[in-house]
Every structure is written in structure tokens, then in C-alpha cells.
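Reading through the C-alpha cells given below for one structure.
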Number of protein chains: 2
Amino acid sequence: MSDPTVLLRNHGVPVTAQRIAVLNAVTKLPHSTADTIAEEVRASIGAISKQAVYDALATLTSKGIIRRIQPAGSPALFETRVGDNHHHIICRTCGTTADVDCAVGERPCLSAADNSGFKIDEAEVIFWGTCPDCLASS
Amino acid sequence: MSDPTVLLRNHGVPVTAQRIAVLNAVTKLPHSTADTIAEEVRASIGAISKQAVYDALATLTSKGIIRRIQPAGSPALFETRVGDNHHHIICRTCGTTADVDCAVGERPCLSAADNSGFKIDEAEVIFWGTCPDCLASS
DNA sequence: TCAAGATCTGGACTGAGTCAAGAAAAAGAT
DNA sequence: ATCTTTTTCTTGACTCAGTCCAGATCTTGA
């Protein structure tokens with residue numbers, strides 16, 4: 001990833017130490033919860049409020065710098081891999097989350113036979129199953 | 001839907017007034033939250049505890065009598081349409097949720113080019129967009 | 001350097017769901 | 001119809017994930 005300061009400025013986002021730390025934490029720990037990111041930031045810069053973490057995540061997401069997903073039964077997860085409409089595969093047993101390339105590479109990558117008059121802008125796909133580790137121990 | 005008492009017995013679920021009322025509420029109001037279902041049950045049988053609603057929903061879901069989905073940013077939603085792996089289309093503006101037939105009709109209906117060693121049992125697809133009503137008023 | 005606006009802090013609060021003890025009800029046997 | 005056992009329901013407390021808000025602090029641009 002390029003310099004986070006440059007990345008933020010290029011997206012019109014004022015640069016703060018908290019935002020840089022949050023972005024670095026998401027880069028280091030893809031598919032993490034806000035709480036995990038907060039802990040990583042605290043280890044990195046010493047202190048940050050929960051509100052600042054949520055605000056930074058919301059701003060970075062709205063500017064397209066990071067991506068927010070929220071699989072069923074999970075809190076929100078964040079990642080820096082953006083722009084390719086990749087999907088995810090999640091283990092039902094341990095929650096491990098991995099990326100899956102999108103065959104199309106952009107939204108929407110599927111069409112609905114009958115879209116009920118909706119204008120579709122995204123087909124969110126999540127593959128659910130069991131990861132190799134949990135398969136091995138069952 | 002067949003007689004709810006028969007449906008419950010056929011699935012090995014003891015019949016209680018609360019479970020029947022919850023099942024009827026989900027039938028009447030597909031894609032509803034637990035809270036909406038509780039309100040409908042209270043209108044129907046007079047009183048039910050939140051715990052009983054959550055318990056009934058969990059039991060009915062585990063027996064495959066109803067289906068639980070949880071789109072990003074939403075509480076859990078419940079519906080009685082089961083067994084056909086249909087997908088959903090959701091309006092980003094007002095939250096309206098509609099069913100979309102699955103082209104395959106069973107799980108998993110998509111495969112991942114690279115499944116990272118996972119054994120996949122479901123490809124959850126959610127179409128996001130704008131519904132006709134929200135399109136018309138924008 | 002300064003002022004204006006944005007952001008952060010700290011703590012209170014909300015919504016969705018879970019936990020647990022005791023009361024009530026369902027099922028099955030008699 | 002009755003009884004016993006097990007399950008379910010009720011009630012209230014609790015947790016987790018996220019939001020709200022007032023005041024302090026910081027960033028940006030002049």
C-alpha cells in the first residue's frame with residue numbers, strides 16, 4: 001500500500017494520527033472487527049477512543065479506501081482490498097474468512113432473472129463452508 | 001402452508017401456543033425481525049416474552065421450518081419460504097426485501113474458482129440496489 | 001501564528017440478542 | 001383423568017456492537 005498520508009490526502013481525508021493507525025491496523029489484520037482494530041491501534045499508538053475508531057472506519061469506508069463487510073451473525077469486518085469486487089469464503093465452525101476472486105471483477109457480477117423492478121448495483125456473494133483446519137479436526 | 005400443528009409434530013417439535021403464533025406471524029410477515037414478529041404475536045395471542053420468541057425462532061430455524069437471513073447492517077430476518085435456496089434483493093434506501101429465485105435451486109449454487117481448501121456448503125447471494133418506489137422518488 | 005471547523009475523548013445510551021432462576025405447560029405413561 | 005418428568009415460558013439482568021453528545025484538542029488553510 002502506498003504511503004497512508006498520501007492515500008488519505010488523495011481521497012480528500014484530513015490526516016490524523018488516529019486515522020493512519022486505523023488504516024495500518026486494517027492493512028495488518030484484514031477481516032478484523034472494530035474491536036480488534038482498536039486493540040491493534042492501542043498497541044501501536046498508545047490510546048484511541050472507541051468513537052474515533054468507529055469514525056475512522058466509517059470515513060475510510062465511505063471514501064472507498066477500505067471495505068466493510070458484515071456476514072450473517074458477525075459484527076462488521078474491515079479490509080483494505082478494494083476495487084475488485086472480490087467475494088469471501090467463511091468457515092461456519094471457526095469463522096475464518098478468506099478472499100475469493102470475483103470472476104467478473106466488478107459490480108454487479110450476477111444478474112437476477114427477475115429483479116422486481118429494482119436497479120441492482122451489487123451482487124454480494126459469500127461462500128459458507130468448513131475450512132481445511134476444521135475439516136481436519138472433525 | 002399446512003396446519004402448523006401438523007408441521008411442528010412432523011418435525012419433532014412439541015406444539016405450544018407460542019410456537020404456533022410465531023410460525024403464523026412469520027408466515028404473515030416474511031422477512032420480519034424478531035421484534036416485529038413479537039409484536040404480531042402479541043396482537044394475536046395477547047402476550048409472549050421476548051425470550052420465548054427468540055427460542056421459538058431458533059427452534060423453527062434449526063428444524064428447517066423457517067429460514068433466518070441476516071443481511072449486512074440488519075438484525076436477523078425470518079421467512080417461511082424454505083428448501084429452494086432462493087436469494088434476496090434488498091433496497092439500500094428503504095430496506096425492502098424481496099425474494100429472487102435461485103437458478104440452480106439448491107446449495108451451493110455457485111462455485112469458487114479457488115476455494116482455499118474449504119468444503120463449501122452454501123453460496124449466499126444478496127442483490128443490493130434500489131427498489132422501484134425509491135427509484136421513483138429520487 | 002491564528003481562527004474556524006473537524007476530530008477526539010470519555011462516558012452515557014440504544015438495539016439486538018443471551019443468560020438464568022423459578023413458574024407453568026406439554027407429553028407420555030398409567 | 002391424573003401424575004411425573006421434561007420442556008418451555010416468564011421476568012429481569014446482562015452482554016456485545018454500535019451510536020450519541022458535550023467539551024477538549026487538533027488539523028487545515030489563510
Side-chain angles (χ1 to χ4, degrees), chain A residues 4-23 25-26 29 31-42 44-63 65-66 68-78 95 97, chain B residues 4-23 25-26 29 31-42 44-63 65-66 68-78 95 97:
Chain A
T5 303
V6 172
L7 188 59
L8 292 174
R9 286 207 170 95
N10 283 355
H11 282 85
V13 177
V15 176
T16 68
Q18 290 85 352
R19 284 179 176 150
I20 292 182
V22 165
L23 182 49
V26 177
L29 306 169
H31 311 128
S32 291
T33 65
D35 204 51
T36 299
I37 289 162
E39 285 165 20
E40 174 64 26
V41 168
R42 290 190 184 106
S44 157
I45 64 170
I48 187 170
S49 70
K50 176 164 74 173
Q51 187 58 55
V53 174
Y54 278 94
D55 281 344
L57 290 171
T59 296
L60 296 172
T61 301
S62 73
K63 298 293 188 180
I65 297 171
I66 65 175
R68 176 185 194 279
I69 65 172
Q70 187 174 13
S74 170
L77 305 176
F78 298 89
T97 303
Chain B
T5 303
V6 173
L7 190 59
L8 291 174
R9 287 207 170 99
N10 284 354
H11 283 83
V13 177
V15 177
T16 69
Q18 291 85 353
R19 283 179 177 151
I20 293 182
V22 165
L23 182 50
V26 177
L29 304 170
H31 311 126
S32 291
T33 64
D35 203 49
T36 299
I37 289 161
E39 285 164 21
E40 173 64 26
V41 169
R42 289 188 185 108
S44 156
I45 63 170
I48 187 170
S49 69
K50 176 167 72 172
Q51 186 57 54
V53 174
Y54 277 93
D55 280 345
L57 291 171
T59 296
L60 296 173
T61 300
S62 74
K63 297 294 185 178
I65 297 170
I66 65 174
R68 176 185 194 280
I69 65 172
Q70 187 174 15
S74 171
L77 305 177
F78 298 89
T97 302

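Naming: A, B, ... by sequence-line order, numbering from 1 per chain.
Without hydrogens or angle criteria, A/Ser62 side chain to A/Thr59 main chain gives a donor-acceptor distance under 3.5 Å. Not one N or O on the side chain of B/Ser74 forms a donor-acceptor pair closer than 3.5 Å with the backbone of B/Gln70.
Over its length, the helix from C/dT1-D/dA30 to C/dT30-D/dA1 turns its helix axis by 40°, as judged from the five terminal pairs at each end, rounded to 10°.
The two residues B/Pro75 and B/Pro71 make their nearest non-hydrogen contact at O-CD, 4.5 Å. The nearest pair of heavy atoms linking B/Val53 to B/Ala34 is CG1-O, 3.8 Å.
Each of B/Ala34 and B/Val15 has a nearest nucleotide on DNA chain C; the 5'-most of these lies closest to B/Ala34. With DNA chain C read from its 5' end, the first of the two nearest nucleotides for B/Arg9 and B/Tyr54 is the one closest to B/Tyr54.
Rounding to the nearest 0.5 angstrom, the gap separating the CD1 atom in B/Ile66 from the CZ atom in B/Phe78 is 6.0 Å.
For B/Arg42, the side chain to side chain contact (heavy atoms under 4.5 Å, CB included) criterion is met by B/Ala38, B/Ile48, not counting sequence neighbours. Partners of A/Gln51 under the side chain to side chain contact (heavy atoms under 4.5 Å, CB included) rule, at least two apart in sequence or in another chain, are A/Ser49, A/Asp55.
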Does the protein touch nucleotides 5-13 of chain C at the base, only the backbone, or not at all? Give it as B, S and - per nucleotide, heavy atoms under 4.0 Å. --SSBB---
What's the verdict on side-chain contact (heavy atoms from CB on, under 4.5 Å) for A/Ile37 and A/Leu29, showing C-alpha distance, side-chain angles and the deciding distance? CA-CA 8 Å; A/Ile37 289 162; A/Leu29 306 169; 5.8 Å; no
Could you list the donor-acceptor pairs under 3.5 angstrom formed between side-chain atoms of residues 4-20 of chain B and any protein atom two or more places apart in sequence or on another chain?
| residue | atom | partner | partner atom | Å |
| --- | --- | --- | --- | --- |
| B/His11 | ND1 | B/Leu7 | O | 2.9 |
| B/Thr16 | OG1 | B/Arg19 | N | 3.1 |
| B/Arg19 | NH1 | B/Pro14 | O | 2.7 |

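Bracketed by its first and final contacts, the part of DNA chain D lying under 4.0 Å from non-hydrogen atoms of chain A reaches from D/dA17 to D/dT28 in 5' to 3' order.
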